[in-house]
Amino acid sequence: MTMDLGPSGRKPEPGGTLGAGAITVCLITRDEEDSLGRCLTSIAAHVDEIVVVDTGSSDRTVDVARGFGARVSQIVWESDFSRARNTSLDLAGGEWVLVLDADEEVPPETAERLRALAGENSVEGWTFTIRSPVVIGGERLTSRNLNLRMFRNRSCYRFEGRVHEQVRPSLLRADAGADASANTSVPDGAIRYSGLSILHHGYRRDEGGVATKSRRNADLLGLVLAENPGDHFSRFNLATSLMNLGQPAEAAAHFRQALSGMGDQALPGLYRNYSLCLQALGEYDQAVDLCDAGLSIYPDYPDLYFIKGQVCWELGFLAEAEAFFQKCTHFRRVPPEYTTMEEVITSMAWENLAEVRARQGRLEEALQALGRTWDAVGGSAPEVVPGTGGAREGGDRRMPGGRVLARACGFMRATGSDEATMRRCLRDLFGLGEAEAGAVLAAVSVGDGPAAAGRPAGVADRRGEAPAEASALVRAAAPVEALARLATRCQELGLRLLSLEPENTELRRLVFATATLRAKATNLATRRRAE
Amino acid sequence: MITMRPRLSLCVIARNEGENIGRCLASAAGTVDETIVVDTGSVDDTVEVALAAGASVFEHVWTEDFSAARNASLERASGDWILFLDADEELEGATRAELPRTLEAAPPGVEAFHLPVVSLTQNGPELVHSSVRVFRNRPEHRFHGRIHEQIAAAVLAGRGVWALGHCGARILHYGYDARTQNTRAKIRRNLRILENYPEEDRDGFFHYNLGVEYLRLGEKTKALASFVRALPLTGPGQAFAPVLVKRTITTLIDLQRYRDALEQIAYYRTVYPDFRDLLLLEGICHFDCGRFTEAAAVLARHQEMTDPQGKYPKETPSPVLAPQLLLEKAEALSLKRAQCPPVSVSVCVIGRDEAALLGNCLQSGAELGSELVYVDTGSTDRSPAIAHQMGATVRRFSWPGDFGTARNLALDQASGEWVLFLNADEVLSDTGRERLAAVLRSARGDALRLCVQTFLDARLSPAESSFSASCRVVRKGAYRFSEALGESPLPVAGESAAANVVGVDDVEVIIGHWHSAAGPERVAQRRRWKSDVIRQRISPVGGAADFAMGVEECIHGDYANACVLLAKAGAESPDGLASRPDFLLYYGLALLNTGDLVACLDLLDRGVQVYPDYTDLLYLSAMAHFQLGASERAAELLRLCIRRGPADWRKYTVMAGTGGFKALCSLATITALKGEREEAIGLFARAATEPGALERALEGLVPLVVTSGGGPTLTDVLKAHGLLTSTGLGVAAAVMARHGWTEESVRHLELAVELAGAEAGEVRFLAGLAVACRSLLTETCRRLAPAASTDPELQALLASVSGSPR
């Protein structure tokens, strides 16, 4: 092995013992026998070494790892992800380290490019897009973020943070240190985007699993913050975990603190998650302000436009909502550094556009937008088996877009289209065959409310949720629900007044205030009914 | 035969313009021979839209330099001429044929053309300016400036203005639709580029652009500083110079620096004698300062003048009113020189820390005066600066200790034959100004007493006001003020200097006194000052100080204190203070409000004997009788009040409504208690038609109608009395909300909104409906609150409603 001083001669020791260009994949595991095989199968042929640090599995995880020829080390779990990760780095013999989770999978096109990445002399670390399929409200979506996963094996590159462990700070520090001591300039792009993705299956677990993970993360982050209250990054992650746990009010307090702590350096994802949180709380004025603040720094972040669209929908500002969803549909890609839901620029934007147009009575255009939604979700006709035609079908794997078709039929029925027209539309706009169109029509011929009952994806419909049954619980919720209904009517009044004087800020404020009250009352009522 | 038609290349630079660029390229499709689009890193469908429109698309890495991007597009162009547009612009369909026509006819010496640019706003097309957008494709013609890149200098270099022609094809600009426009992001980007500008490139244009960005951020002072730096670095011939001048002046006006603005206008009128907007700005300055005659003259000249085609930007300098309406208003308010008194009038304003209200005061008085004097008695706020900028001569004194001395100081400063005094928290009414001018033309007396209407609430509601006479106009030289409370609504004798004043006339000129408009802190501050004056400057002997203090307590609602002080004053008074009408009014009011009804009636009965025409005493007496259970007697007195009508402000301090709506409402209440519902409703309705009385009247009327069961509906009643307007319904809905009739309230609000849709703009008052709507929610929450005492979550929800800031 030759002594390699690295590209700029600033790193004193080479990490690897396996030779130039060698790649070690490092994992930490615990009870991952179900997924570890999938992960290692996807990567084994493309790396020179597999290191698995197990933190106390009670299942066959270690056997699976050994089956792939991994160097396995078993350590005691000390509630510290960085410590475990760094143990795995200590064992790595390659010149490069690739860090994965057991519930991840490396797609072939990524795996095949790893050697080329390792050959880039000027790069110290590579970032990857982590794509996570999720199911939200029966919809199959893909959330996406950026993570530094491959870097040169140097002893100064180590993870930090008990949870949401990060290696990037140590890379940046090493660069800065070299800069000062060796008086050489840090090459631009020492950390670069690979343009490649890694698939993460973790959110596919049942909801209970996700909640457990959020709970565990929140607890760990609580410990981290107790030690270091000024750790804004951890606070942001804690807030996000609390949101996932259905505690938006608590989350908002931490988001606020993280935002004021980070100031101008606030992460794009903080703007996104915090404004989503404020939207959930009904704090619409703050949500809009926050989106605007975020967009003034990150003007090409579609999620913020999407959230503004949702908030405008809830406020009843339909023209504005339409403009924002429309804006989303123009995006062709989202800059990789942003945390995003990939569908906000495709199916979600189109579907919301359809609902906004429908609410304005423009059903023809709404139908066109549904056609685009259908294309975006890859709706395929044969799977659309007549069922109830209801909204829940969207969650069924076999029927992507089932709900889209149901909505389309609803729109058409509301315009008074006859059977033949509907059939033609299903054929032309949605590409259904004759038989399938007939099946869809049969499925939706009963029930299915008018078009106006719809709502954009990700937006809870809070209008007119009157309780039908008179149980004791419902009675307890009655004043809250009455308040919600009253607020709804006042919001309608505000909107009608605003249509008379669109520039009147007093009226605009009224709409914000009433919408917020409606949301808060409805949130409370919903919680009461659930209890 | 082939004619050599000049070829035209369209060059566009774009980033994330997917919504716009299609419209832009399509508008030029038949007019240009090739389209070059340089994309600087879009993540949206800009590139695919451009390709679909037939453009040649090139990628250019963004280096925070607009000129570099523009020049990259020029490198690719092969036409004889270049047209450049922004992605959010288009060529106007109706005029675009002008472009090839102009180019074909272009004489050899002409290198470039400027085109009119029209911005489309929500209110339609506006903001016309001219911009060099077409030029010959030569390698030396390249853009300069990282931001707000310019081509004109390069095109005209070494040639002169004759190389520049005008083309009638218009460009429409859509950039001002703020709905999805990410304005803040653009400002941020622009500021970033500007802040990184190399020092040597920071010329006049740079500072101008920096100022514009500050303006867009609302930072007017910073903007002004940048404009002021730009001015000396900018030659009058530079294309942006007139805009810079205009922006500088409008910013000065926005900062209420009228005197500075006028100075700039005067100078730049010599540089740009044909620049029409300068006249409009001058008119606005005079109008805002209350010099309506001058404003009208200047605005009339503005209307007559025409701008030389294309020389100046046509952007309106954002007056509140359109120029024509502003002129009409100025003419209506103007006291034409012919109407002005042949004598000179000094308008003297006295004030201390009244920056919030002083502007209104000066504006209301300036037109009348040949001279405007502001006497400052020790402000720590911007008051002196405001007065100076509004054209007043400013004289600063430390607080002289009392109000009379302050007036005398002011009197010394005045040079006019007549002097009108205003306090900084007062406003001379428009009609009053006109009448005063007429009176002064032929006045024979030496002093005039005017009517001061004190608005007790911050909303300036006439229903909560009182009227009293105050000596405000004197002939210079004859009088001095000797009384410490020179401005308090005190009896005539104390009001003006000499006890032997002759020829004091009363004129019905109303001065509005905005007692609470500047907020509770100011009210408390003034109260402290006034108490100090009373304690230090009025002799404690003879009850005068106690009386003055008692009146103050009454005005601020401290009736118990007032009773003690006034009782003392009455007992100490050897000179019949206790039989003066003001004493009777305030003491009666204090006794009534502290529940000392027998003493109250005793006092008032005596008063009514002496002053049978003082309606207010009758009214107070009726209130006392009613509280004692003597409803019939009360009703009788109230009927007398109504018959008498309001007392004469020349003789008495008069509370609004005692001879009108207040008496009617009280009588209606008594009538309703007797069960005579119909009659009561009629009385309330009669009251409701008086100015400012709607709320009070409906407060009584609505419950009567709602609880009647059967009878006519509220809308019937309102209609019958001409009260069925959105405002009437809104007020009614608010009353219902307070009574807890939530459903009725919403229904009437819905009706009100429906009606508002049909009403004309000036009649309807939508903000009032918004207030009613909010009060419905807060009232509902208030009513739910007791039930929520064991429910913290609901409590928090209810609390958030009453406290919601937005």
Side-chain angles (χ1 to χ4, degrees), chain A residues 284-286 292-293 295-300 302 305 308 317 319-320 322-324 326-327 329-335 345 476 479-480 482-483 486-487 489-494 496-514 516-517 520-521 523-524 527-528, chain B residues 15-19 41-49 122-123 177 179-180 182-189 726 742-743 745-747 749-750 752-754 756-757 759 761 764 766-774 776-777 780-781 784 787-788 791 793-794 796-798 800-801 804-806:
Chain A
Y284 300 127
D285 50 351
Q286 293 179 49
D292 285 343
L295 283 169
S296 78
I297 309 170
Y298 310 110
D300 49 0
Y305 290 108
K308 269 187 96 173
F317 299 159
E320 286 171 58
E322 182 174 11
F324 287 121
Q326 189 103 54
K327 175 96 187 164
T329 65
H330 281 282
F331 277 82
R332 283 299 170 266
R333 59 194 171 84
V334 180
I345 61 171
V480 188
L483 199 57
L486 181 63
R489 285 174 77 182
C490 287
Q491 186 185 351
E492 286 299 328
L493 287 174
R496 281 165 62 195
L497 287 170
L498 197 60
S499 73
L500 297 174
E501 272 179 24
E503 306 288 320
N504 190 325
T505 52
E506 192 53 45
L507 303 179
R508 216 177 144 81
R509 282 196 208 112
L510 174 67
V511 175
F512 272 92
T514 49
T516 295
L517 176 61
K520 290 188 165 180
N523 283 349
L524 185 55
R527 211 158 61 234
R528 296 262 157 110
Chain B
R15 182 185 204 176
N16 295 332
E17 294 283 2
E19 303 120 282
S42 294
V43 295
D44 71 353
D45 54 352
T46 300
V47 170
E48 63 190 78
V49 173
Q122 280 167 333
N123 311 321
D177 180 2
R179 230 164 32 205
T180 50
N182 196 342
T183 318
R184 272 163 74 182
K186 286 194 176 164
I187 298 172
R188 195 182 263 266
R189 177 201 66 197
S726 61
T742 311
E743 179 55 36
S745 180
V746 194
R747 238 173 25 79
L749 269 178
E750 283 165 352
V753 173
E754 210 166 289
E759 285 169 352
R764 66 189 187 203
L766 301 191
L769 291 184
V771 171
C773 208
R774 272 170 184 255
L776 167 62
L777 289 172
T780 308
C781 289
L784 284 173
D791 186 342
E793 276 182 318
L794 182 56
L797 177 64
L798 299 177
S800 75
V801 174
S804 75
R806 230 165 162 167

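On a predicted model such as this, the values are computed, not experimentally measured, just so you know. Per chain, numbering begins at 1; letters A, B, ... match sequence-line order.
Taking 4.5 Å as the limit, every side-chain heavy atom of L766(B) sits out of range of all side-chain heavy atoms of L498(A). In this structure, E750(B) and L493(A) have side chains that are in contact, with non-hydrogen atoms separated by less than 4.5 Å. N16(B) is not listed as a side-chain neighbour of P299(A), based on a closest heavy-atom distance of 4.5 Å or more. The shortest distance between side-chain heavy atoms of D45(B) and T329(A) does not fall below 4.5 Å.
Checking side-chain atoms of R333(A) against main-chain N and O of S42(B) turns up a donor-acceptor pair under 3.5 Å.
The CG atom of L797(B) sits 6.0 Å away from the CG atom of L517(A) when rounded to the nearest 0.5 Å. A distance of 6.5 Å separates CG of D300(A) from CZ of R15(B), quoted to the nearest 0.5 Å. Taking CG of L777(B) as the reference point, atom CG of L483(A) lies at 7.0 Å (rounded to 0.5 Å). Remark: L749(B) CG to C490(A) SG distance equals 6.5 Å, nearest 0.5 Å. From E506(A), atom CD reaches atom SG of C773(B) across 11.0 Å, with rounding to the nearest 0.5 Å.
Only the side chain of L784(B) comes within contact range of chain A, with at least one heavy atom under 4.5 Å from a heavy atom of that chain. With a 4.5 angstrom heavy-atom cutoff, R508(A) does not touch chain B via any of its atoms. For chain A, the nearby parts of E754(B) are the backbone and the side chain; heavy atoms of each come within less than 4.5 Å. When heavy atoms are compared at a cutoff of 4.5 Å, I297(A) approaches chain B by way of both its backbone and its side chain. Heavy atoms closer than 4.5 Å to chain B are found in both the backbone and the side chain of L500(A). Neither the backbone nor the side chain of T46(B) comes within contact range of chain A; no heavy atoms are under 4.5 Å apart. For L497(A), the parts lying near chain B are the backbone and the side chain together; criterion is any non-hydrogen pair under 4.5 Å.
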Query raised in the report: For V334(A) and V43(B), what are the C-alpha separation, side-chain angles and deciding distance, and is it a side chain to side chain contact (heavy atoms under 4.5 Å, CB included)?
Result: CA-CA 6 Å; V334(A) 180; V43(B) 295; over 6 Å; no
Report task. Let me see the working for L769(B) and L510(A) under side chain to side chain contact (heavy atoms under 4.5 Å, CB included), right down to the final yes or no. Result -> CA-CA 10 Å; L769(B) 291 184; L510(A) 174 67; over 6 Å; no
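For the pair K520(A) and E793(B), the salt-bridge criterion is not met [side-chain N within less than 4.0 Å of a carboxylate O].
Pairing each heavy atom of H330(A) with each of E19(B), the nearest pair is CD2-CG, 3.3 Å. Residues A767(B) and N504(A) come closest through the heavy atom pair N-ND2, 4.3 Å.
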